[in-house]
Protein chains: 2
Amino acid sequence: MGAQQRRSGLGTNQEAVRRHNLGTLLRHVHGTGQMSRAELTSLMGLNRSTIAGLVAELESLGISERATPAGGARQGAGRPSAGVAIAADGPCVIAVDLGVDRAVVARVGLGGRVLQRAQAPVPVGGEAWQVGASVAALIREVVEDAPAASPLVGIGISVPGMVRRSDGLIRLAPNLEWHDVSFGGIVLAALGLDVPVSLANDADLGALAEHTRGVGVGVDDLIYVSGQVGVGAGVIMGGHRLEGAGGYAGEVGHLRFDPGGRPCHCGNRGCWETEVGAHAIAEAIHCPPDKVAQLDEVLDGFDSPSPELCRTGTAIGHGLASIVNMFNPRLVVLGGYFRSLHQLVGPDIQAGLSDRALPAPLESVRLTLPGLGSDSALLGAAEIALEPLFVDPVAALGAALVDVRARLAG
Amino acid sequence: MGAQQRRSGLGTNQEAVRRHNLGTLLRHVHGTGQMSRAELTSLMGLNRSTIAGLVAELESLGISERATPAGGARQGAGRPSAGVAIAADGPCVIAVDLGVDRAVVARVGLGGRVLQRAQAPVPVGGEAWQVGASVAALIREVVEDAPAASPLVGIGISVPGMVRRSDGLIRLAPNLEWHDVSFGGIVLAALGLDVPVSLANDADLGALAEHTRGVGVGVDDLIYVSGQVGVGAGVIMGGHRLEGAGGYAGEVGHLRFDPGGRPCHCGNRGCWETEVGAHAIAEAIHCPPDKVAQLDEVLDGFDSPSPELCRTGTAIGHGLASIVNMFNPRLVVLGGYFRSLHQLVGPDIQAGLSDRALPAPLESVRLTLPGLGSDSALLGAAEIALEPLFVDPVAALGAALVDVRARLAG
DNA sequence: AAGAATTTGTTGTGCGGGTGGACAGAACGA
DNA sequence: TCGTTCTGTCCACCCGCACAACAAATTCTT
């Protein structure tokens with residue numbers, strides 16, 4: 001019975017049961033990287049023997065391996081429970097975090113372990129195929145030392161823009177100046193491979209990663225607000241990603257903020273982004289326009305907030321109030337350059353929020369920094385690429401690519 | 001494998017499979033009121049024999065009964081499929097739509113059939129126990145002719161205010177002037193019964209009802225924007241209700257709209273509600289303040305829009321643009337007095353929306369009137385009360401109350 | 001009008017998968 | 001050292017769905 005997926009009105013046959021249980025078990029192990037069989041039985045509410053059978057299948061698939069029980073976790077008498085750990089040569093994915101000025105690529109295994117990483121600057125105003133080639137080069141670099149036994153399940157790409165859910169088309173990435181780019185196809189073509197590629201918005205993936213292994217573990221209603229150059233948000237409600245009809249949910253940057261405000265590139269006036277976006281902040285702190293993409297580093301150079309920045313903090317808080325009223329999250333995670341801003345004007349942000357949010361949603365919400373630092377989007381990209389494994393481990397592994405290094409070399 | 005519920009990381013055993021399949025089958029029949037076994041097999045992807053077994057169980061529970069196949073639906077050769085219809089004496093619920101000036105109570109069966117209904121005015125500024133007594137009287141009226149065999153599964157109550165998800169406490173109902181009222185308990189006490197009671201916000205229930213049997217059938221991402229006295233929204237995303245951490249999600253009335261605008265009762269300035277709320281509109285059309293609760297009727301009396309109303313329509317559209325940007329719904333349903341307004345200034349609303357929303361979310365969204373008229377919230381209340389039947393029909397029926405009429409009389 | 005074709009209901013059998021009990025193994029505590 | 005406690009393994013068992021064969025009820029074809 002299900003959990004993760006949202007099937008419409010399908011019935012369940014027993015083969016689906018097996019799939020689901022195997023996937024759920026793997027998801028649990030993935031969440032912590034290592035887990036005892038005893039914990040799994042109580043978490044999943046299944047019989048010891050059933051868990052044993054599932055674990056055996058996972059081992060025979062080469063996904064997990066038997067581990068000695070964690071030494072410190074002993075808590076009483078009884079036979080110690082054998083550990084279930086992610087196999088060293090287990091399946092892995094390629095995660096790509098496409099930023100406005102640099103791309104980070106990593107090979108990531110189950111459990112969210114970054115096995116290898118590489119990065120390179122992205123030329124300003126680069127064509128999609130150029131960026132695709134550069135990303136493909138990074139991918140080659142990153143799979144160089146991959147063990148031949150480790151199958152590649154897929155590629156996940158984080159994009160600073162709006163991505164269509166149905167096919168992963170990049171509809172609009174304003175800061176890359178891309179319209180309707182099929183970046184997944186471009187990367188695959190540059191690699192000469194055919195593996196599943198998933199693309200999603202960076203804020204959405206930040207939310208996903210923070211929910212899975214960051215500050216949002218166990219928090220089923222959270223929002224990740226990301227300041228890159230524009231402002232976006234990733235929303236998780238009831239433990240599920242909020243995607244919307246086309247996949248564009250979370251465009252908080254164009255919330256109406258001040259109808260008399262400055263014109264926004266979207267054509268309106270006084271969007272939230274015109275007050276708290278990177279360009280606005282850069283202007284407020286007299287930062288040169290060519291440094292806007294590195295706004296977080298510039299902000300980290302400040303040791304005390306200027307009055308302008310305090311006003312910006314308040315504006316952030318006021319905008320967050322609208323968001324909190326709309327979504328009633330338990331957690332708001334401030335990513336991107338909002339991380340740096342929070343260090344400087346955290347109290348102003350909080351005060352702006354407290355001042356404008358309704359009492360009921362306000363009482364349960366908490367403002368925090370990302371638990372994964374600047375890797376949120378990257379690890380979120382890994383998560384969507386790994387997702388098929390949790391839906392159906394056998395099928396996902398069947399579709400995976402073995403010995404990627406050789407294939408890329410040849 | 002699951003669908004409706006969102007269990008955390010539980011495993012599935014076969015008894016859960018049976019529960020789920022039985023519940024899902026019932027949900028399908030509930031959706032249309034009548035359905036052929038052949039349709040059920042293809043919809044649920046299960047074997048003919050399995051469906052036959054499930055249907056037999058449903059019949060033995062007294063929930064469904066065999067029906068002659070619908071005459072017109074024949075489409076080709078082959079033996080006609082026997083129908084599965086909701087039993088006449090099947091389980092039912094009490095639905096309560098608590099408005100700011102009147103309460104509507106109905107006995108509703110599966111399939112959304114309103115079997116009996118009654119309504120009464122609610123005194124302005126009435127205490128919760130007074131309103132509770134009046135609702136209890138309506139409930140007695142409505143179960144008067146209920147067949148003894150028909151078990152009462154529960155009571156669902158639609159509330160014009162913020163309802164805490166965990167326990168159904170009414171945190172704040174501004175137009176009833178209630179704070180922290182346990183209205184469910186009050187009604188049960190007045191009835192001297194003990195049945196499951198569910199409470200939820202009226203806009204949330206409007207969204208639910210429109211999704212189940214209104215204009216939103218088959219649309220998994222929709223928003224029901226309701227103008228009662230304040231403005232609220234119910235959100236369904238990915239086929240699931242958006243509730244938020246406390247259950248307060250969808251408070252769109254207090255979106256920041258114009259920071260230089262009029263003061264709002266929430267303490268801020270220029271909330272959307274101060275522009276498009278009932279009080280603002282009443283003022284714009286010079287409607288006497290004591291008629292605000294019947295604003296829809298007043299508006300229905302207009303046959304052409306005044307310039308003030310056109311401006312209001314534009315403001316509604318502008319606010320909807322923020323909502324559409326945030327949620328990316330496929331459908332926006334205009335409920336409450338927005339229904340009447342849409343008749344008058346529909347083009348202005350649409351123009352305001354088109355003018356301010358981002359292209360990507362705009363291209364897939366559609367603005368409509370409710371398919372259930374003013375009964376959306378009432379039928380939504382019935383839906384949440386019926387919900388346990390779809391999760392576990394056997395258990396829900398076991399907990400249901402038989403021969404309610406006799407119990408209420410005694 | 002009668003037989004063929006088609007689709008569905010019914011029945012019995014088989015299989016997959018989770019359950020539960022019995023037993024053995026491994027640590028802890030007295 | 002021995003009892004306690006908890007876990008892993010193996011077994012028979014039950015439950016629920018799938019599948020195949022047959023019967024029933026229509027429509028289509030000739």
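In what follows, every chain begins at residue 1, and chains take the letters A, B, ... in the order their sequences are listed.
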From [atom1] of [X] over to [atom2] of [N], roughly how many Å is that when rounded to an integer?
{"X": "B:M35", "N": "C:dT8", "atom1": "CE", "atom2": "P", "value": "14 Å"}
{"X": "B:N47", "N": "C:dT8", "atom1": "CG", "atom2": "C1'", "value": "12 Å"}
{"X": "B:E57", "N": "D:dG16", "atom1": "CD", "atom2": "C1'", "value": "11 Å"}
{"X": "A:N13", "N": "D:dC17", "atom1": "CG", "atom2": "P", "value": "9 Å"}
{"X": "B:R79", "N": "C:dT10", "atom1": "CZ", "atom2": "C1'", "value": "8 Å"}
{"X": "A:I51", "N": "C:dG17", "atom1": "CD1", "atom2": "C1'", "value": "13 Å"}
{"X": "B:L54", "N": "D:dC15", "atom1": "CG", "atom2": "P", "value": "16 Å"}
{"X": "A:E39", "N": "D:dT7", "atom1": "CD", "atom2": "P", "value": "10 Å"}

*Below 4.0 Å: OP1/OP2 of C:dG9 and any side-chain N or O of B:R37*: yes
*Below 4.0 angstrom from OP1 or OP2 of C:dG18, is there any side-chain N or O of A:N21?*
yes
*Please figure out whether A:Q14 or A:A82 has its closest DNA chain D nucleotide nearer the 5' end.*
A:A82
_Here's a test of your reading of the structure: between B:R48 and A:R48, which maps to the more 5' nucleotide of DNA chain D?_
A:R48
_Donor-acceptor side-chain pairing of A:H28 and A:T32 below 3.5 angstrom_ = no
*Hey, can you tell me if A:H30 and A:F390 have their rings parallel, tilted or perpendicular (30° and 60° cut-offs)?*
tilted
*Check the pair B:E57 / B:L22 against side chain to side chain contact (heavy atoms under 4.5 Å, CB included), numbers first and verdict last.*
CA-CA 8 Å; B:E57 186 164 355; B:L22 202 59; 3.7 Å; yes
*Under 4.0 angstrom, heavy atoms only, what part of the nucleic acid is A:S49 near: base, sugar-phosphate, or nothing?*
base
*Base, sugar-phosphate, or nothing for B:A52, non-hydrogen atoms under 4.0 angstrom?*
nothing
*Answer whether the closest heavy-atom distance between the side chains of A:L54 and A:R18 falls below 4.5 Å.*
yes
Can you tell me which nucleotide in [options] comes closest to the side chain of [X]?
{"X": "A:V17", "options": "D:dA25, D:dT27, C:dG18", "value": "C:dG18"}
{"X": "A:R66", "options": "D:dA21, D:dG8, C:dG17", "value": "D:dG8"}
{"X": "B:R18", "options": "D:dG16, D:dC19, C:dA24", "value": "D:dG16"}

*Begin from the C-alpha positions of B:R241 and B:V235 and carry the test side chain to side chain contact (heavy atoms under 4.5 Å, CB included) through to its verdict.*
CA-CA 6 Å; B:R241 294 170 57 197; B:V235 182; over 6 Å; no
